[in-house]
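Single-structure report; data block below.
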Amino acid sequence: MTKGAWAYWPLIPRLFPYLKPYRGLVVVSLLLSAFAVVIGVLEPWPLAFMVDTVLGNHPVPDVIRHIIGPRDRATLLVLAALSGLVLVASRNLMTVVHEYVNTRLHQWIVLDFRSDLFQHAERLSVSYHDSKPTGQLMSQMNWLPDYAGGLLLGIPPLVQSLVTLVAMFVIAINLDPILALLALTVVPVMYYSVGIYAARIVPRIQKVRGLEWQTLSIVFEAMAMMRVIAAFARERYEFRRFRTQGETAAKARVGLTVRQTLFSLVVNTWTAAGTALVLGVGALHVLHGQLTVGELLVFLSYIAAVYTPLETISSSIGSMQQQLVNLQGAFMLLDAEPEIVDAPDAVNLERPQGAVAFDHVYFHYKGRSGTLRDISFAVQPGQRVAIVGPTGAGKTTLVSLIKRFHEAKTGSVLIDGIDVRKLKIASLREQVSVVLQTPELFSGSIADNIRYGRLDANEAEVIDAAKSANAHDFIERLPNGYKTELGEGGAQLSVGERQRICVARAFLKDSPILILDEPTSSIDSKTETVILDALDRLSVQRTTFVIAHRLSTIRHADLILVVDQGQLVERGTHEELLGNNGLYRQLHDVQMGVDLIERLSRRVIAIDPVDGIEGDADGSRALIAQVQRSLAAALKGTVSQEALAHAAALLVQSVEPMLAKDSPNARKILRALRSKNPLADPSIAGAFSDALVELRDLAEDLGLGAKEAYA
């Protein structure tokens, strides 16, 4: 036997526990298989009786004569025909019943196995799901479990074939030992063919499975990204990508099928050769009087029945090898160890006060280093904490440690002084609400999506939550109100409407700790005002963590944490951090300038020629354009060109006095303006900041309060 031919067979005992809940059906299935063996042994004898006794001159066997007594040939003919009919009818009836029993067994076994996979997948970490293609996970949970039922139900026919083989061989050896031994010459070939199948075919099955997973992943990804595909007109590109991968998988599947068919043909040809050998020798024995014609017919029927189980054994084992390879793909998911599990002594977290602390926390993703380094801070219950920093600094990762989406490598995350690793995961996550940057909705009604925050909430509570989230009015305007059915992801609603439903969900959950992960980053200013108003109410008497790029939304935070390259580089209030002239001040100066200019410049800023710059208006416009390009490069396309034009104009205007011909630093300032980062020069940054202060004062003079200025 080729080494590794049975490598996957130890997977079969792992499926036996799925039979326990259905012991009754299993017993019935085994009894039907046993009856099938008995009928298979008896079925050839009515034909032999008819040929030897009814049509020939052999006496009626003693067993039959004692049962029916002496009868004429016509009666014996009818008896033989009816016996054959009863046996065939019984076999067909049992086949129908057996199919019904096995189908029920198959469906429930598959459902139980699929349920275990689904439940286990939910326990796996966010990192695991981020690293696996959706197509592979869908295949592992939805399609591959079907092979579990097929394998378990394939074992009884295999055993039935073996028992039939033994029973028929015992009878055949009593009829003619030589023919019986000749009939078994095919067995060694069958045995070694299984090893060849495992060695040559099984690796190709694994390869085809991987290719088909890749094809599924492309399909799922394309469907999820359809808006992006349409926006960039990449339908042809995605189709070519799908088609190329599909053709590769199809060619591999065709090659595999050809080899499997050739394997079956070799097995069938060898059994045909065995049948021909038995027929020739058996006919010779009839001529020599060693067998009767009826006995030869029985023997040939047995040989056909013996070879059929042999072919079944061979083909079943080959088929089971393929099923085992696919089943192994499902067990790959089931065997994946959850990275985050409850500790043996974990306790439930009752409603906490909301104190959160990080104590020298380090974390990194697999294959990366330094995602978070030595993070330490403490937050009192009910405080509002803002987390800011450049993209990729580790802000979202930091707050994900609170809910144990990831686990700190070293250090501790504490809630009310208790390490989160000592808390049961479910109870911990029940005490933390999250509003994500991208609003995620399920298919179903709007009411069901809000109720997801607390499944036992009644209709009145759902409506109150929607009102608190400023969502009630737009929901009521929908044709079916709260019963409006949403498609996948709620695509028929605007981003702002979807986000308000997510905020309502958080209101309904009413957790003492709240995480807001840039909840207004992808919506317009008017909608942002509505959502910020709801979020302000949501944050009352809750410990709130706000990840924000728009610094105007966090000015009143109790504590601002500035993260850069995985490190906590600054902390303090808005006023304290502005006075530090650190990273926060840099982010604030650039962003607040652009933010205010974008909202107010059309009313209060006039782009006039600047005196003293290369002598004319064309020179000032060229300088403003150059500064605009520098700002665009620094902001990496995140701000509109119109806003950048206003920002550049204001920046140049703010340093106008320093560009006068009699100014000693004029050349230095001009060079800084023309550099890649004009705001890197402290003099320019200071002048620009002063201009922004004056702009805020001007906004108030124009009757625009702080709320309107930043809205």
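Note that the coordinates shown come from a computational prediction; the quantities given were computed from them, not determined experimentally.
For the atom pair Ile501 CD1 and Ile446 CD1, the distance stands at 4.5 Å (nearest 0.5 Å). Note that the CG atom of Leu19 and the CG atom of Leu25 stand 10.0 Å from one another [nearest 0.5 Å]. Between the CG atom in Asp448 and the OG atom in Ser445 there is a gap of 3.0 Å [rounded to 0.5 Å]. Distance check, rounded to the nearest 0.5 Å: CG of Asp342 to CD1 of Ile425 gives 4.5 Å. Taking CD1 of Ile340 as the reference point, atom CG of Leu428 lies at 10.0 Å (rounded to 0.5 Å). Residue Trp108 holds its CH2 atom at 14.0 Å from NE2 of His106, rounded to the nearest 0.5 Å.
For residues 10-26, the set of pairs meeting the salt bridge (charged side-chain N to carboxylate O under 4.0 Å, His left out) definition, not counting sequence neighbours, comprises Arg14-Asp335. Sorted by first and then second residue, the salt bridge (charged side-chain N to carboxylate O under 4.0 Å, His left out) pairs involving residues 85-96 (not counting sequence neighbours) are Glu43-Arg91. Each salt bridge (charged side-chain N to carboxylate O under 4.0 Å, His left out) pair with one or both residues in residues 95-116, not counting sequence neighbours, would appear here, but there are none. Screening residues 163-172 for salt bridge (charged side-chain N to carboxylate O under 4.0 Å, His left out), with sequence neighbours left out, gives no hits.
A donor-acceptor pair under 3.5 Å is absent between the side-chain atoms of Arg505 and the main chain of Tyr452, judged by distance alone. At distances below 3.5 Å, not a single donor-acceptor pair connects side-chain atoms of Asn449 with backbone N or O atoms of Leu441. Judged purely by atom type and a 3.5 angstrom limit, Glu407 has no side-chain atom pairing as donor or acceptor with the backbone of Glu339. Remark: the backbone N or O of Lys509 is not paired with any side-chain donor or acceptor of Arg454 at under 3.5 angstrom. Under the 3.5 Å distance criterion, the side-chain polar atoms of Ser427 are matched with a main-chain donor or acceptor of Lys424.
Between Leu486 and Phe442, the closest heavy-atom pair is CB-O, 4.1 Å. The minimum heavy-atom distance between Met94 and Leu32, with the atom names listed, is CG-CD2, 4.1 Å. Taking all atoms of both residues into account, the shortest heavy-atom contact from Ala252 to Leu211 is CB-CD1, 3.6 Å. Here the closest heavy-atom approach between residue Leu334 and residue Tyr18 is recorded as CD2-OH, 4.4 Å.
The side chain to side chain contact (heavy atoms under 4.5 Å, CB included) search around Ser29 returns His98, Val101, Asn102, Leu105, not counting sequence neighbours. Listed by chain and residue number, nothing satisfies the salt bridge (charged side-chain N to carboxylate O under 4.0 Å, His left out) test with Arg240 (two or more places apart in sequence, or in another chain).
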Worked verdict on Asn480 versus Glu485 for side-chain contact (heavy atoms from CB on, under 4.5 Å) = CA-CA 8 Å; Asn480 296 316; Glu485 291 290 325; over 6 Å; no

Stepwise ring-ring contact (aromatic ring centres under 6.0 Å, His included) test for Phe118 and Phe113 = CA-CA 9 Å; Phe118 185 85; Phe113 188 40; over 10 Å; no

Checking side-chain contact (heavy atoms from CB on, under 4.5 Å) for the pair Arg404/Arg429: CA distance, chi angles, key distance, verdict?
-> CA-CA 8 Å; Arg404 291 188 73 192; Arg429 294 176 181 174; 4.3 Å; yes

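Annotation: Phe405, atom CZ; neighbour count of heavy atoms from other residues, nucleotides and ligands within 6.0 Å is above 12. Counting non-hydrogen atoms of other residues, nucleotides and ligands closer than 6.0 Å to CZ of Phe242 gives a total of 12 or fewer. Surrounding CD of Glu430 are at most 12 heavy atoms belonging to other residues, nucleotides or ligands under 6.0 Å away.
Using a 4.0 Å cut-off between a side-chain N of Lys or Arg and a carboxylate O of Asp or Glu, Lys251 and Glu247 do not qualify as a salt bridge.
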